[in-house]
Amino acid sequence: MTKTHCPYCSLQCGMTLAPLSPSRRTGNQVEVQAWPEFPVNEGALCRKGWTATGLRGSRERLTTPLVRDRATGELRSAGWDEALDLVAGRLAALRAERGPDSVAVFGGGGLTNEKAYQLGKLARVALGTSQIDYNGRWCMSSAASAGNQAFGIDRGLPFPLADVEQTDVLVLVGSNLAETMPPAARHLDRLRERGGHVVVIDPRLTSTGERADTFLQPVPGTDLALALGLLHLLVAMGAVDEEYVGARTTGFDDVRRSVAAWWPERVERVTGVPVTDLHATARLLAGADKVMVLTARGAEQHSQGTDTVLAWINVALALGMPGKAFSGYGCLTGQGNGQGGREHGQKADQLPGYRMIDDPAAREHVARVWGVAPETLPGKGRSAYELLESLGVEDGPRALLVFGSNIVVSAPNATHVTDRLESLDLLVVADMVMSETAAMADVVLPVTQWAEETGTMTNLEGRVILRERAVAPPEGVRSDLEVMAGLASRLGSPVPFSTEPEEIFAELGRASAGGKADYAGIDYDRIRREHGVFWPCPTPEHAGTPRMFGDTFATPDGRARCLPVEHRGAAEVPCDDYPVHLTTGRVLAQYQSGAQTRRIKELPDEGAFVELHPMLADRVGAHDGDLVVVTTRRGELKAPARVVTTIRPDTVFVPFHWVGANRLTNDALDPSSRMPEFKVCAAAVRT
Amino acid sequence: MSAPQRIVVVGNGMAATRLVEELVARGAGGATKSLHVLGDESHAPYNRILLSALLEGTHRRDALTLRSPEWYAEHGVDLRLGARVLGVDRTHRDVMIVDGTVLPYDRLVLATGSIPSLPPIRGLVRLDGRLHERVHAFRSLDDCTRLMDAVQHSRRAVIVGGGLLGLQVARALSVRGLETEIVEGGEHLLRSQVGNPAGQVLARGLRRLGTTVYTGARAVRLTDNEDGSVGLRLDNGFTLDTDLVVLTAGGRPSTALARGAGLEVNRGIVVDDHLASVTDPDIHAIGDCAEHGGRTTGFVPPAWEQATLLARRLLGEDVSYQGSRSVARLRATGLDVAVLGDPERAAREGGEVVEVTNPVVGSHRKLVVRDGIIVAATLVGDLSRIGLITQYYDRGIRLSGTEPGALLMGDRQAPPTRLPEDAEICACAGVSAGRIRACASLEEVRETTRATTGCGGCASAVRQLLDTRPALSGTS
């Protein structure tokens, strides 16, 4: 019996892995059972969690390194030494010929903290490259950027998730948590049983929206204008907590002026949300003692995602909520380790502990922990999409190492990104299955998966939890940590790379000490004893920090920043040739690019579909189940129509777990977070 | 960027403020030598269209301020309040302000807005040229403040003019507890925006809300009563005794400066696609005072579009103005009206009209469609689809033949049906209706299927299925 956590989303539900009785043993040696004592999910799981062992022992697991044969162009089996020697040799040659930045590294928000940390160190110390970023840039980077600007720190939720039950009005902006993290939806039901009120804002009426008391259905890409309009009304009705904004924030007067131009009728025209709904929602917010605003990808994955989050933070600040019990603003992180993955050095501009790579003190501190000279650390590199766009071009990287990401499916404007990957001299992918990206690689390295390895994750609450090894990996696979250590030594790293997670976690703790995301007081035993520890936790005696901002914000003067923002609108709006909005999202039974979940036979894999309203279906002559073609300026997708009344008639929806959706999406980037505009672009539909 | 200019903006309303914001946002500080804004009101710029909301009490005064004087100073803009411009000298390229200052310009922008029209009512204006003390205009913040003071000791009000502003003011005063009457000279309310059926629906709606409406009646004379109130005599012989008269009978573009400078003026200051006067390319006009393509507008969105475009032009971009789409929305509690474009004119010009009128519930909705595109619309009383219709209108989306009708009819509700056995009830655990029907109790459902144990969203559906399952043999 091993207490561990689900391999998928940021909720990181606790679960027990138990050996199967010998009579039932076929492929899987373990089965999932409830772990009722773990507080985040109290034993509840969704079907992804219950079936998580399905990938173990799957015939599709990779168990030997593969190297592309130059003569045939096919992948062939190779030994580990051969594969690693080959990779290290070619990387070293490239570096000698074109400099260290000719090698790039791409990580993932599903990697454990230990791996994320080690990957950053591998790039900066063993490869000496500045070119490292990760797919978390496409996840919650807009919320991170906004949180840093407004609060001086970015922790997805500054309070435990269960606090949701104790608020009065919960506003979910662009979140479908009932499908993306189903056990979290129980909190909504309990909140409503208590008499609380749930507001859901989404262009689609999802199963989360069905739980709402107030449902607002804005035009995709206009959540920012909606926030400005609500704040306008709060100011107009005198609902601003003047004492709070006076004592705990700066800049509110500029914000107050900036929303004077967002009267309800204007907001209605921009967002499509009727004036009466705006008034009713503003009254609801104004009359509540405790308000909690949570954003997710729907609000954040936009070219104005950071500003959208800032606008919603302004609403929360105007009402005096952040720092107050059972109130405030939070971001519902997406990937399993979306939070931890962004704290320990996978980001192009950051070092462990959320330190900025261009801060001399930060460089000094981390270099000392790593045992290298600060001046040897490279500077800031390119952000995820910019990194991929630069592959193979003049002055761009010629080699890419990929850990924990299926870029071909998950990057925006995917056809273009695939072209860039093809132009590389060397693509190395570490994965457990032959993902769409691994299939393009020159070298594929088979690695262990969840349940076969130990490591920590930081869930959406900032709670550091421990996934424990429950079973032995199949013969022939190695952990990502072993791969990194093998490469580091072959590349002549000046310092050794450990392969022991607990040892690496201790080093991570030292590297993060004194930083914003301070893990120095956390160790594995403590996590086991306390069901996770909330960062910052600077010393073993420190209790950890479940709730933040009670007395002060993490800014130099301790006050939150109210920053005026303007609505610029989506980079692409409908026109004659592309007359509808396209938005993308998730379905319950799949996770991310589906590399894992599509290979689990208990999970339905129905493929991509195109959700559209009967009026639009009628316009294009499509019936439910007909194949329809969605085109954008970047690509085309053919999939069956799902005709539903729950979506805006001017919008179509495509889930992004399958190849295709992201051939359509727009690569316009947020100027601050560098987040691509996954959630809206202009499209055409035909039969 | 070819703009080393000295720009003088006459006016400090919505259009002027947006122009300055756009210039500042686009870095005008570096590109222009200087930027001067001359406003004749003494207030920092405010959101004029919210004055009726201020009157009604839904908005507080401080929610109207658009920019503080400090903001102008911080961005190097010379803002002068209470600075009425007396004249423009095109030969010397300068303007003279009321205090005698002469300010030279390279480019002059007239954003002088509009002024309320005074209806021909005898007794309205006193011998000294001022309005009768019981009579109020409603254009500026000062007008609004004065009216709000008067409301304190008034019981009754008559609104002269049944247009958008008139209805807003009438509702505002009514919400404030005044007995309110509207006098409209035309045959129906909102006559410049909507047709007779919509006007009738509106009038009924207003009467239901307690406001008396006189249409086809002109006020002709104002007389003082002995008790201090006034009598407003109509051309149909009625006299309405009241404490307050508010004039909302429209406005006209404020063009006196332009005329004085010899610029071509029709109804408004005539401008070309560069928003420059057809007489003098160095003088621009935007907002209510400008006339482009034979039209003047009284709305903010077109004024803002013009302001943005002009800012880009002043900073050297080659862009031109193609006109705007307008959406007029009534801002008043209990009255729901939206007018997109000019529905009466669009219908006259051959647009196809799809309309639904339901006087019983007080709704009238009309779409004017040309080649599948909504070119104008009237929505009264039922704005449930406004958020979609305005999107289609603004973006010029081509609809199918059945869509305009579907837009007005709303979604049909499907009758409830018995769920098929394979319908998925619990998405978290992937459990069908059939498997739940096969269970005897909620406990059994939980134990054998795990339904209800994930997100919990299916709990009520599961309970219903258990209740409706046929009785098991052996149980009562």
Side-chain angles (χ1 to χ4, degrees), chain A residues 34 43-47 49-50 177-179 182-186 189 207 210-211 217-219 232-233 235-238 253-254 256-257 259-261 263-266 268-269 271-276 279 566 573-576 579-580 588-589 602-604 614-615 618-620 645 648-650, chain B residues 14 17-18 21 25 46-47 49-50 53-54 58-60 62-68 71 300-301 304 327-331 333 336 338 383-388 390-392 394-400 402-403 406-407 411-412 414 424 426-431 450 453-457 459:
Chain A
L45 294 171
C46 76
R47 66 200 298 185
W50 288 118
L177 58 77
E179 283 197 74
R186 294 164 316 128
D189 296 336
S207 44
E210 281 165 8
R211 286 169 148 94
Q217 195 166 26
V219 173
H232 171 97
L233 285 174
V235 170
M237 62 179 68
D253 279 335
D254 287 342
R256 192 193 315 261
R257 299 255 154 63
V259 298
W263 64 94
E265 291 76 14
R266 181 182 177 208
E268 172 187 270
R269 189 169 174 190
T271 65
V273 176
V275 164
T276 43
H279 279 290
E566 253 313 305
V573 292
C575 59
D576 233 16
V580 299
L588 193 150
E602 296 93 334
L603 292 176
M615 282 202 282
D618 184 49
R619 190 192 303 166
V620 302
T645 55
R648 283 185 64 89
D650 56 5
Chain B
M14 305 282 285
T17 305
R18 176 51 61 107
E21 286 175 345
Y46 57 86
N47 191 333
I49 72 159
L50 292 173
L54 182 64
T58 57
H59 274 60
R60 290 157 37 124
D62 63 354
L64 270 57
T65 305
L66 290 167
R67 292 288 176 188
S68 65
W71 181 86
V300 173
W304 279 2
V327 175
R329 279 287 267 121
L330 193 68
R331 269 169 299 281
T333 306
D336 290 321
L383 267 56
S384 52
R385 274 278 163 77
I386 176 121
L388 188 58
T390 47
Q391 289 289 316
Y392 285 159
D394 276 338
R395 305 193 186 289
I397 301 299
R398 205 172 295 277
L399 307 178
S400 72
T402 55
E403 240 173 316
L407 273 172
D411 295 328
R412 266 183 298 252
E424 189 174 85
C426 173
C428 291
V431 184
R450 291 192 184 125
T453 66
C455 73

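Convention: sequence-line order gives letters A, B, ...; per-chain numbering from 1.
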### Query
Taking every heavy-atom pair that is under 4.5 Å apart, which of A:G43, A:A34, A:A178, A:C46 has the most such pairs with chain B?
A:C46
### A:L45 portion near chain B, given a 4.5 angstrom heavy-atom threshold
backbone
### Task
Taking all heavy atoms of B:L54 and all of B:H59, pick out the closest pair and write down the distance.
CD1-O, 3.3 Å
### Query
For B:V300 and A:W263, which heavy atoms make the closest approach, and how far apart are they?
CG1-CH2, 3.7 Å
### Query
Would you find a donor on one side and an acceptor on the other, under 3.5 Å apart, between the side chain of B:R331 and the backbone of A:E265?
no
### Query
Of the listed residues (B:R18, B:M14, B:R450), which shares the most heavy-atom pairs with chain A below a 4.5 Å separation?
B:R450
### Message
For the interface with chain A, which of B:P301, B:S68, B:A338 has the highest count of heavy-atom pairs at distances below 4.5 Å?
### Response
B:S68
### Message
Testing the basics here: between A:P649 and B:L388, what is the closest heavy-atom pair and its distance to 0.1 Å?
### Response
CG-CD2, 3.4 Å
### Task
Please state whether the side chain, the backbone, both or neither of B:T65 comes within less than 4.5 Å of a heavy atom of chain A.
both
### Task
Find the one option among A:A184, A:P183, A:A236 whose heavy-atom pairs under 4.5 Å with chain B are most numerous.
A:A236
### Closest-packed option against chain A by number of heavy-atom pairs under 4.5 Å, given B:A427, B:G454, B:C428
B:C428
### Query
Between B:E21 and A:R257, does at least one N-O distance fall below 4.0 Å, as a salt bridge requires?
no
### Task
Pick whichever of B:I386, B:T402, B:T390 has the most heavy-atom pairs under 4.5 Å with chain A.
B:I386
### Message
Please classify the contact of B:W304 with chain A as side chain, backbone, both or neither, using a heavy-atom distance under 4.5 Å.
### Response
side chain
### chain B interface, residue from A:C575, A:A185, A:A260 that has the most non-hydrogen pairs under 4.5 Å
A:A260
### Task
Could you pull out the closest heavy-atom pair between A:P579 and B:I397, with the gap in Å?
O-CD1, 3.4 Å
#### Entry: Structural part of A:D650 lying under 4.5 Å from a heavy atom of chain B
both
### Message
Just so I understand: if I count every heavy-atom pair under 4.5 Å between each of A:R256, A:R211, A:M237 and chain B, which residue has the most?
### Response
A:R211
### Query
Where do A:P264 and A:H279 come nearest, in terms of heavy atoms and distance?
CG-NE2, 3.9 Å
### Task
Report yes if some heavy atom in the side chain of B:Q391 is under 4.5 Å from a heavy atom in the side chain of A:R648; otherwise report no.
yes
## Note on the structure
In terms of heavy-atom contacts, A:V235 and B:D62 come closest through O-OD1, 4.5 Å
### Message
If we define contacts as heavy-atom pairs under 4.5 Å, which of B:L399, B:L383, B:L64 has the most with chain A?
### Response
B:L399
### Query
So how far is it from B:T58 OG1 to A:L233 CG, rounded to the nearest 0.5 Å?
8.0 Å
### Message
Regarding A:R47 and A:E602, does a basic nitrogen lie under 4.0 Å from an acidic carboxylate oxygen?
### Response
no
### Query
Under a 4.5 Å heavy-atom cutoff, which of B:D336, B:T17, B:L330, B:V327 has the most pairs with chain A?
B:V327
### Summary
Applying a strict 4.5 Å limit to non-hydrogen atoms, the region of B:Y392 in contact with chain A is side chain
### Summary
Counting heavy-atom pairs under 4.5 angstrom with chain B, the leader among A:V580, A:V273, A:V573, A:L177 is A:V573
### Task
Kindly say whether A:A261 contributes a backbone atom to a donor-acceptor pair with the side chain of A:R266 at under 3.5 angstrom?
yes
## Note on the structure
If one checks every heavy atom of A:L603 against chain B at 4.5 Å, the contacting part turns out to be neither
### Under 4.5 Å from any heavy atom of chain B - which part of A:V219
side chain
### Message
At a heavy-atom distance under 4.5 Å, which candidate from A:P614, A:P574, A:S207 has the highest pair count against chain B?
### Response
A:P574
